[in-house]
Amino acid sequence: MAVITVARRLVVAFGALALCLAWSTAAAPSMKKPHILHIVADDLGRNDLGYTNGKKTQTTTIDELINQGTWLDSYYTFKICSPTRASIMTGRFPFNAGFYDMNNDENHCTSNFTLLPALLKKEGYATHALGKWDIGFIKKRCTAAMSGLDSFLGYYEACIVDYWYHGAPSISNTSVFDFAESVGTTISGATGFNGTYNRNAFSDRAIEIIKNNPADTPMYMYLAFQNVHLGCGRGRKHGIQAPCETMDLYGTTKTDLFKGQGGMLTELDYGVGNVTQALKDAGMWDNTIVVFVSDNGGPLDHSTNAPFRGGKHTFWEGGVRVASFISGPVLPPSARGTIYSGMAHSSDWYVTLVEGLAGGTIPEDTGPNKPDGFNLWPAIVANATSPRHEVVHQVSNEYFTEGVTAIRVDNYKLIIGNPGDNRVVPWPELGTESVPFGQDGGEHEHGTNHCRVPPGKTHKGTKSCKPACLFDVVNDPTESHDLADQKDMQPIIANLTKRLKEYGAKGYIPAHEFTPYEWQHSAHKKMEDTADKLGFLQPIDLEQE
């Protein structure tokens with residue numbers, strides 16, 4: 001055993017040296033800190049892009065970025081929104097940032113951690129965020145304004161009701177709107193956007209920021225579009241929403257549901273195209289890296305993750321193994337047009353961007369526990385073995401349990417409990433003739449170009465992993481062959497179960513600003529009262545300034 005251990009250490013040591021040499025060679029042509037465009041698509045299914053579904057959807061710019069970049073084939077997130085975003089910003093597994101789920105989501109706060117923009121700010125970056133925040137706003141210290149950002153324009157909650165009407169009572173049935181902006185630490189409601197499709201609001205502001213970025217200052221832009229999430233919020237759902245002329249591009253798509261989804265995908269692509277073109281026009285593109293991720297798998301009521309099983313809200317691969325790539329001129333030519341199969345996780349951007357791309361060092365004290373992320377940049381540019389060998393999807397402990405836990409270590413993924421809807425949903429085949437919009441539920445708002453489609457039907461899971469399911473997701477990524485009953489797999493199951501218990505025992509306290517009692521009996525009402533008084537959703541201590 002000792003000989004094997006020593007040999008392995010030698011392999012790791014020589015591998016690390018090779019990676020360092022590869023990165024130093026790749027970095028040599030440009031010593032400038034690169035601009036970082038960090039795009040987060042919302043609820044994007046792995047099979048939703050033209051790149052993955054045989055061009056059934058029109059995502060030309062994104063497809064070209066993938067073809068000129070590196071597709072991250074084993075990139076993992078959490079199964080739903082805010083825990084993934086907390087992981088990106090803190091560099092921790094969601095449960096180690098205190099984000100076990102989205103219950104009482106408005107009560108979440110990440111102020112105990114140094115967030116990614118603050119680290120990049122220390123490296124000389126101008127830092128901006130646009131779109132969805134969803135990791136805390138109940139007090140000012142939880143907001144984007146206090147996270148190291150120079151500016152923010154977007155919304156605090158998981159989604160906003162309507163893509164056009166930001167607070168219009170006629171559509172959202174409320175005078176309160178979740179659309180805010182901040183410059184430095186000064187927060188205000190974002191006005192003047194009513195009637196603007198929010199993809200345009202975010203991409204237009206991004207273009208304005210790019211035009212005004214000082215020539216000698218590297219820029220970090222966190223661009224978190226609402227596309228392709230349903231319009232929802234404050235107890236209502238308004239479904240899929242896109243300009244009618246964009247939905248009309250999907251004439252041979254047979255159903256309104258997927259015409260609408262296609263329209264939202266193409267609008268996402270337009271946004272990416274507009275921002276990357278602005279970088280080119282500003283002379284910044286040649287020193288830019290693009291990081292593109294989805295926050296979770298696509299919901300199976302209107303999105304597709306084939307060939308993977310499951311989707312959003314599930315721990316099947318379709319819920320947590322999502323679309324992701326890096327691209328741009330900073331990526332070495334040898335890494336362009338490649339697929340990287342090494343394991344990666346949302347927490348890895350924290351270290352990869354700060355150390356791998358910005359040339360900084362993660363400080364010793366960035367929170368109550370150490371980051372879980374790795375610097376993947378050397379491995380990606382050299383197409384070498386990932387430093388990551390495990391991803392913990394969910395744990396159970398004294399703070400939280402939802403009746404299911406899951407972990408992947410090397411090839412093997414263990415699920416204990418009910419992982420959720422296990423269907424495999426592909427993008428529908430196209431027809432041979434054009435089908436008009438509005439045949440099965442889609443609506444065109446009179447006098448506008450606003451088209452909306454109600455969400456599809458949801459389903460419950462049909463397979464429960466009790467006592468456990470075990471899959472070799474390298475050789476069986478569709479999770480079709482459960483190995484849990486095989487005798488020779490029992491030591492692996494025992495080891496992975498032990499790892500889950502160890503991680504659960506060390507999980508961080510829930511990242512809630514108020515106790516459950518305080519939230520239920522006073523804080524939630526104060527949040528609503530503050531919003532009603534101000535007219536926009538904001539931290540409850542904003543008025544005290």
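Residues D410 and H389 have side chains that bring a donor and an acceptor to within less than 3.5 angstrom of each other. D63 and T59 form a side-chain donor-acceptor contact under 3.5 Å, judged by distance and modelled atom types alone. For the residue pair D43 / N296, a side-chain donor-acceptor distance below 3.5 Å is found, with atom types taken as modelled. Using modelled atom types, one finds no donor on one side chain facing an acceptor on the other under 3.5 Å when comparing D348 with Y75. Side-chain atoms of T84 and D295 include no donor-acceptor pair closer than 3.5 Å. Checking D48 against Q261 by side-chain atom types alone, a donor-acceptor pair falls below 3.5 Å. Between the side chains of N198 and Y155, no donor-acceptor pair of N or O atoms lies under 3.5 Å. Between S341 and S74, the side chains place no donor N or O within less than 3.5 Å of an acceptor N or O (distance only, hydrogens not considered).
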Go through M89 and Y222 one step at a time and tell me if the side-chain contact (heavy atoms from CB on, under 4.5 Å) criterion holds. CA-CA 10 Å; M89 285 292 169; Y222 178 76; 3.7 Å; yes
Take T110 and R85 through the test side-chain hydrogen bond (donor to acceptor under 3.5 Å, both in side chains) and record every step on the way to the result. CA-CA 11 Å; T110 54; R85 294 162 194 269; over 6 Å; no
Hey, mind stepping through L265 and L44 against side-chain contact (heavy atoms from CB on, under 4.5 Å) and telling me if it holds? CA-CA 8 Å; L265 288 161; L44 176 69; 3.4 Å; yes
Using the rule given for side-chain hydrogen bond (donor to acceptor under 3.5 Å, both in side chains), can you reason through S82 versus D105, listing the C-alpha separation, both sets of side-chain angles and the distance that settles it, and then say yes or no? CA-CA 8 Å; S82 63; D105 200 30; 3.1 Å; yes
Steps toward side-chain contact (heavy atoms from CB on, under 4.5 Å) verdict (L230, I240): CA-CA 5 Å; L230 299 175; I240 296 166; 3.5 Å; yes
Determine whether L115 and L149 satisfy the following criterion, side-chain contact (heavy atoms from CB on, under 4.5 Å), listing intermediate values before the conclusion. CA-CA 10 Å; L115 302 190; L149 288 164; over 6 Å; no
Take Q538 and Y156, measure what side-chain hydrogen bond (donor to acceptor under 3.5 Å, both in side chains) needs, and give me the verdict at the end. CA-CA 8 Å; Q538 286 296 352; Y156 292 133; 3.1 Å; yes
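Residues satisfying the disulfide bond (SG atoms under 2.5 Å apart) test with C81, not counting sequence neighbours, are none. Remark: H512 pairs with N107, H108, P510 by the side-chain contact (heavy atoms from CB on, under 4.5 Å) rule, at least two apart or across chains. Residues satisfying the ring-ring contact (aromatic ring centres under 6.0 Å, His included) test with Y340, not counting sequence neighbours, are none. Residues passing the side chain to side chain donor-acceptor pair (under 3.5 Å) test with S147, sequence neighbours excluded: none. D281 meets the side-chain contact (heavy atoms from CB on, under 4.5 Å) test with Q277; sequence neighbours excluded. Here S324 pairs with nothing under the side chain to side chain donor-acceptor pair (under 3.5 Å) rule; sequence neighbours left out. Contacts of H393 classified as ring-ring contact (aromatic ring centres under 6.0 Å, His included), with partners at least two apart in sequence or in another chain: Y76. With sequence neighbours excluded, the residues forming a side chain to side chain donor-acceptor pair (under 3.5 Å) with E390 are R499, Y503, listed by chain and number.
Between Y51 and W71, the ring-plane angle classifies as tilted under the 30° and 60° cut-offs. Relative ring orientation between F225 and F202 is described as tilted, the plane-to-plane angle lying within the 30° to 60° band.
Between E157 and D178 the shortest heavy-atom distance is N-OD2, 2.9 Å. T217 approaches Y125 most closely through the heavy-atom pair CG2-C, 4.5 Å. The nearest pair of heavy atoms linking T196 to H166 is O-NE2, 3.0 Å. Here the shortest heavy-atom pairing between A379 and S386 reads CB-CA, 4.3 Å. Contact between A344 and L376 at its shortest, heavy atoms only, is CB-CD1, 3.4 Å. Across every non-hydrogen atom of A97 and Y508, the tightest pair is C-CD2, 3.9 Å.
Between the W349 side chain and the T352 main chain, no donor and acceptor come within less than 3.5 Å of each other. Within the 3.5 Å criterion, the main-chain N or O of N375 finds no donor-acceptor partner in the side chain of E355. In this structure, D42 contributes its side chain and H229 its backbone to no donor-acceptor pair below 3.5 Å. Under a 3.5 Å cut-off, the side chain of T143 and the backbone N or O of K140 do form a donor-acceptor pair. Although no hydrogens or angles enter the test, the distance criterion places no donor-acceptor pair under 3.5 Å between the side chain of T405 and the main chain of S396. Side-chain atoms of Q226 come within 3.5 Å of backbone N or O of I160 as a donor-acceptor pair. Looking at N287, its side chain does come within 3.5 Å of a backbone N or O of K33 through a donor-acceptor pair. Side-chain atoms of T70 come within 3.5 Å of backbone atoms of A335 as a donor-acceptor pair (strictly under, hydrogens ignored). Between the side chain of N369 and the backbone N or O of N96 there is at least one donor-acceptor pair closer than 3.5 Å. Counting only distance, with no hydrogens or angles, the side chain of R388 and the backbone of G342 share no donor-acceptor pair below 3.5 Å.
Checked against a 6.0 Å centroid threshold, the rings of Y197 and Y270 do not count as neighbours. Checked against the 6.0 Å centroid criterion, the rings of H345 and F93 qualify as a close aromatic pair.
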Output a table of donor-acceptor pairs, distance under 3.5 Å, between side-chain atoms of residues 360-367 and any protein atom two or more places apart or on a different chain; print 'none' if there are none.
| unit_1 | atom_1 | unit_2 | atom_2 | d |
| --- | --- | --- | --- | --- |
| E364 | OE1 | K370 | NZ | 3.2 |
| D365 | OD1 | G367 | N | 3.4 |
| T366 | OG1 | R92 | NH1 | 3.3 |
| T366 | OG1 | R92 | NH2 | 2.9 |

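Residues F514 and I540 are in side-chain contact: their nearest non-hydrogen atoms beyond the backbone lie under 4.5 Å apart. Counting only heavy atoms from C-beta outward, the side chains of Y165 and N194 approach each other to under 4.5 Å.
Listed by first and then second residue, the side chain to side chain donor-acceptor pair (under 3.5 Å) pairs involving residues 202-214 are E181-R205, R199-S203 (not counting sequence neighbours). Residue pairs meeting the disulfide bond (SG atoms under 2.5 Å apart) criterion with at least one partner in residues 120-153, sequence neighbours excluded, are C109-C142. Sequence neighbours left out, the pairs with a member in residues 71-84 that pass salt bridge (charged side-chain N to carboxylate O under 4.0 Å, His left out) are R46-D73, D73-R321, K79-E402.
Taking the charged nitrogens against the carboxylate oxygens, K32 and D286 have no contact shorter than 4.0 Å, which rules out a salt bridge.
Screening Y100, F99, F95 for a side chain to side chain contact (heavy atoms under 4.5 Å, CB included) involving P83 leaves a single residue, F99. Considering L353, V290, I289 as possible partners of H38, the one that fulfils the side chain to side chain contact (heavy atoms under 4.5 Å, CB included) test is L353.
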